[in-house]
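Count residues from 1 along the sequence. Please read all numbers here as calculations on a predicted model, not as lab measurements.
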Amino acid sequence: MEAKIVQSIGLDFAGIKAGKFRRYHGAKLRHIITDLSTFALNIRDMGRVVAGFGDALKVLRRFRPDVVFIRGGYVSVPVGLAARLLRIPYVIHESDTVTSLTSKILASGARKIAVSWPVSRFPQWPADKLVYTGIPIRTDVLTAHRLAGLAEFKLADNLPVLLVTGGSSGARAINDATQAALPTLLEFCQVLHVAGERDIADMRAACTTMELVYPERYSLHGHLSDKWGLALAASDVVVSRAGANAMAELAILGKPAILIPGAQLTGGQQISNAQVFSRAEAVRVLPQDKLTGKVLAAEVKRLLDSPVDMQRMGVAIGQFAKPNAAHELAVLVLASGQAQNGDQAASDGQDGSR
């Protein structure tokens, strides 16, 4: 997917090998070691990290960048280590409210660390490295109009719209609960459901066996890319995972939301993300282990029945918005590269004067 997106806008793409450190059953070392299947996969992937480091060295020597921008995932580890060895400055962007393992490994060598939430969330890092930029949001998300979204998905403008999403790959627990809740939900709202490509076939098959009184109120999709902004614009309430990107979009649009964080996803970051917003009374949180169709339908109805709560939540979540995140992040990255060039020129001048 990354290769297609990058190449579609005319940029060069280079892939590298990468290894993932799995912590599915807890972050404690004894859990990681005693879970034999996880331990075996981690040992295998150590070799991939080493191979990825070699790949990253070749790529960086070929591209000769002035600065490297690193965000999140495990594929960034060998790139950051290679950049450090080659003395190329790099900027880390930490998306979540708690630090990822990748950021922990690479933070000491970073020129700057951009964070998506107020810097008070990150006391473990030097204040002079931290910059609160927020998360860049796609232009189509910022500019889409509600009426255009309703027209795109053939939804009525006189009935509330619930957008349900489990992220780009979907979430089976959310899909199952939505399917179970559907007959009840369609009595009082329209449902725009992004089920993910992995589950879309099963969801479509299940829908053919359901006797829905208002089938025209249900719009089912596998994955929305260029139409995602329209889906958000059409929605009155959103049910979502608690990934950093999703939460940034909800904040910038001021959308009332019900979050269902994945307990085993990304080392617990989603749970932390949801807690930060919940403490600010900006969202409602449903634990996945308590999620059923009945619970989901009741929570959605309770929110839609209270316009005052919806307005209050929209204002509260908007406090986390950073409208100029893309610009601030770009300026930070460029400045870090220019600072490195300036330092190098000064060093060369001193060497020449000796």
Side-chain angles (χ1 to χ4, degrees), residues 18-33 42 45-46 49 53 56 67-85 87-136 241-248 251 259 261-280 282-283 285 319-322 325 328-333 335-337 339-340:
K20 182 178 182 180
F21 185 66
R22 296 162 177 82
R23 295 172 289 170
Y24 296 140
H25 304 294
K28 292 184 179 180
L29 183 60
R30 63 184 177 86
H31 291 146
I32 297 168
I33 294 175
N42 285 336
D45 276 15
M46 286 178 65
V49 173
F53 176 70
V67 62
V68 174
F69 176 64
I70 292 173
R71 186 181 178 195
Y74 55 89
V75 71
S76 299
V77 172
V79 178
L81 295 177
R84 189 169 184 176
L85 180 66
R87 297 187 178 181
I88 301 171
Y90 60 86
V91 175
I92 295 174
H93 184 243
E94 178 55 68
S95 301
D96 291 292
T97 55
V98 294
T99 56
S100 65
L101 182 60
T102 295
S103 295
K104 290 176 181 178
I105 292 171
L106 299 177
S108 62
R111 176 64 67 108
K112 292 291 182 180
I113 303 171
V115 292
S116 303
W117 316 107
V119 295
S120 59
R121 295 287 312 170
F122 307 93
Q124 70 276 30
W125 285 334
D128 61 339
K129 281 191 176 185
L130 284 173
V131 183
Y132 176 27
T133 64
I135 297 178
R241 286 296 198 198
N245 280 0
M247 295 176 70
L259 299 182
Q264 300 295 338
L265 297 178
T266 59
Q269 282 104 325
Q270 287 206 7
I271 293 176
S272 177
N273 293 345
Q275 288 173 342
V276 169
F277 275 46
S278 179
R279 291 190 195 107
V283 299
V285 179
Q319 301 299 312
F320 293 93
K322 290 281 285 184
E328 292 182 25
L329 192 55
V331 168
L332 179 66
V333 172
S336 297
Q340 175 72 5

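Looking only at side-chain heavy atoms (C-beta outward), Val75 and Val79 stay at 4.5 Å or farther from each other. In this structure the side chain of Ile135 reaches within 4.5 angstrom of the side chain of Asn245, judged on heavy atoms. Counting only heavy atoms from C-beta outward, the side chains of Val276 and Arg121 approach each other to under 4.5 Å. Residues Val285 and Val283 form a side-chain contact, since some pair of their non-hydrogen atoms from C-beta on lies under 4.5 Å apart. The shortest distance between side-chain heavy atoms of Thr133 and His93 falls below 4.5 Å. Side-chain contact between Val68 and Ile70 is present, with heavy atoms from C-beta onward closer than 4.5 Å.
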Report task. Give the C-alpha distance, both sets of side-chain angles, the deciding distance and a yes or no for side chain to side chain contact (heavy atoms under 4.5 Å, CB included) between Phe69 and Leu329. Result -> CA-CA 10 Å; Phe69 176 64; Leu329 192 55; 3.6 Å; yes
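Under the 3.5 Å distance criterion, with hydrogens and angles disregarded, no donor-acceptor pair is assigned to the side chains of Arg71 and Ser76. Side-chain contact, Ser108 with Arg84: a donor N or O sits under 3.5 Å from an acceptor N or O. Under the 3.5 Å distance criterion, with hydrogens and angles disregarded, no donor-acceptor pair is assigned to the side chains of Glu94 and Ser116.
One finds the OG1 atom of Thr99 at 9.5 Å from the CD1 atom of Ile113 (value rounded to the nearest 0.5 Å). To the nearest 0.5 angstrom, Leu106 atom CG is 9.0 Å from Leu101 atom CG.
The minimum heavy-atom distance between Leu81 and Phe53, with the atom names listed, is C-CE1, 3.7 Å. Residues Pro261 and Ala274 approach most closely at CG-CB, 4.1 Å, considering heavy atoms. Nearest heavy atom pair, residue Asn273 against residue Asp96, reads ND2-OD1, 2.6 Å. The nearest pair of heavy atoms linking Ile271 to Gly262 is CG1-O, 4.4 Å.
Of the possible polar contacts, none joining the Lys112 side chain to the Ser336 backbone as a donor-acceptor pair under 3.5 Å is found. Remark: side-chain polar atoms of Gln270 are paired, donor with acceptor, to backbone N or O of Ala242 under 3.5 angstrom. Panel note: side chain Lys322, backbone Glu328; no donor-acceptor pair is recorded below 3.5 Å.
Listed by first and then second residue, the ring-ring contact (aromatic ring centres under 6.0 Å, His included) pairs that reach into residues 98-118 are Trp117-Phe277, sequence neighbours excluded.
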